[in-house]
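Start at 1 and go down the list; that is how both ligands and their atoms are numbered.
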Amino acid sequence: MPALDLKTQLTNLVDLQKIDSELYTLRYEKDAKPKEISTLEAAFEEKKQSLANIEKKSLDLQKQRKDTELELAVKEESIKKLQTQLYQLKTNKEYQTMLKEIGDTKADASVIEDKAIQVLEQIDKTKAEVDDEKQRLQGGEKLLNEEKKNIENRIKEIDERMEQLEAQRKQVTPGLDSKILVQYDRILLNRDGLAIVNVNNDSCQGCNLHVPPQVINLIKMYERIVICEACNRILYIENEGN
Ligand SMILES: [Zn+2]
């Protein structure tokens, strides 16, 4: 293949840059996808943990309920026993003491009863919370799967587009001198996927720094590749008439 003049090669490089810029953006987007998925999964795990916490609370309450029921049964048994003993007592003093003991035990039992009612109320409340949380989790799982599917579809789209672009790239690269291509690829790698930039209003569109007139003249001579002194990118002039 005969060597192409530099001006044509620069035009080809600009075409290549268009392809590479899109590739760069797509690669960047694709690279962020695993993190997106893990963030969604972490949020879902948190919801699961929240349900586990409420279920644990529910179990604790069931245990409390058994404990209070047992406690209450013990008190009721004591009251019965004391009441039986009451009629076997000989003196009034003993009788009064026993009555007081029965009264105290009944008061204790009443406190435990109140506690038992509270525990039952809490059990009902927690049961409703568990049901709510389970429903939320179900919805969350459905949403998670949908979002994961969307991300996977997008990755597939990206892969397909990248394949197309790689094919286009292969069509453009033969129109370039291999040394120029190596230089371009190196800059591309080191300068965030942007290797060749336009000079607009006397400033480099890669780094916005002023490009002096003598450099602009050099570019227009098309004798050699001119790079920006500040950002090291290849410079070209899109519209020489302006
Ligand atoms: Zn620059």
Side-chain angles (χ1 to χ4, degrees), residues 1-43 146-242:
M1 179 180 284
L4 291 163
D5 64 280
L6 190 58
K7 191 172 179 179
T8 310
Q9 294 217 44
L10 283 177
T11 309
N12 289 344
L13 264 192
V14 171
D15 288 343
L16 189 62
Q17 178 66 72
K18 274 182 200 145
I19 296 166
D20 283 334
S21 290
E22 195 180 340
L23 274 171
Y24 185 84
T25 310
L26 290 172
R27 210 169 282 130
Y28 187 83
E29 190 189 340
K30 191 184 167 180
D31 285 350
K33 293 299 178 197
K35 180 90 176 51
E36 270 178 45
I37 291 178
S38 62
T39 305
L40 289 171
E41 280 173 343
E146 277 169 17
E147 281 172 330
K148 270 162 80 172
K149 188 100 196 98
N150 286 342
I151 292 173
E152 279 156 16
N153 286 342
R154 179 60 190 149
I155 291 174
K156 213 186 273 171
E157 255 177 39
I158 292 174
D159 284 342
E160 279 166 12
R161 181 63 187 147
M162 280 172 87
E163 242 172 75
Q164 285 176 355
L165 290 166
E166 294 290 356
Q168 283 178 25
R169 205 177 192 274
K170 283 196 185 103
Q171 286 174 347
V172 179
T173 45
L176 289 161
D177 179 84
S178 62
K179 270 190 202 156
I180 292 179
L181 191 57
V182 166
Q183 187 181 7
Y184 165 89
D185 279 338
R186 201 190 59 233
I187 303 170
L188 199 69
L189 200 68
N190 294 321
R191 294 285 154 195
D192 302 325
L194 189 60
I196 179 163
V197 288
N198 184 26
V199 177
N200 194 18
N201 288 327
D202 296 341
S203 65
C204 164
Q205 296 304 289
C207 67
N208 284 323
L209 246 76
H210 176 72
V211 180
Q214 63 269 32
V215 175
I216 289 175
N217 284 337
L218 264 181
I219 300 170
K220 286 178 178 173
M221 284 163 76
Y222 295 107
E223 280 176 357
R224 59 179 177 87
I225 294 271
V226 180
I227 62 164
C228 169
E229 281 179 16
C231 69
N232 290 320
R233 292 184 175 104
I234 299 167
L235 296 173
Y236 80 100
I237 295 167
E238 193 173 52
N239 211 331
E240 280 185 64
N242 294 344

> What residues form a side chain to side chain donor-acceptor pair (under 3.5 Å) with S38, not counting sequence neighbours?
Replying inline: none
> Residues two or more places apart in sequence or in another chain: which of them pass salt bridge (Lys or Arg N to Asp or Glu O under 4.0 Å) with E147?
Replying inline: none
>> Are there over 12 heavy-atom neighbours, none belonging to E166, within less than 6.0 Å of that residue's CD?
In response: yes
> the Zn ion (ligand 1): which protein N, O or S atoms are under 2.8 Å away?
Replying inline: C204 SG, C207 SG, C228 SG, C231 SG
> Got a second to check how far L16's CG is from I180's CD1, nearest 0.5 Å?
Replying inline: 11.5 Å
> Going by the salt bridge (Lys or Arg N to Asp or Glu O under 4.0 Å) test, which pairs reach into residues 10-22, not counting sequence neighbours?
Replying inline: D20-R169, E22-R161
>> For D31, is the CG atom crowded, meaning more than 12 foreign heavy atoms sit under 6.0 Å from it?
In response: yes
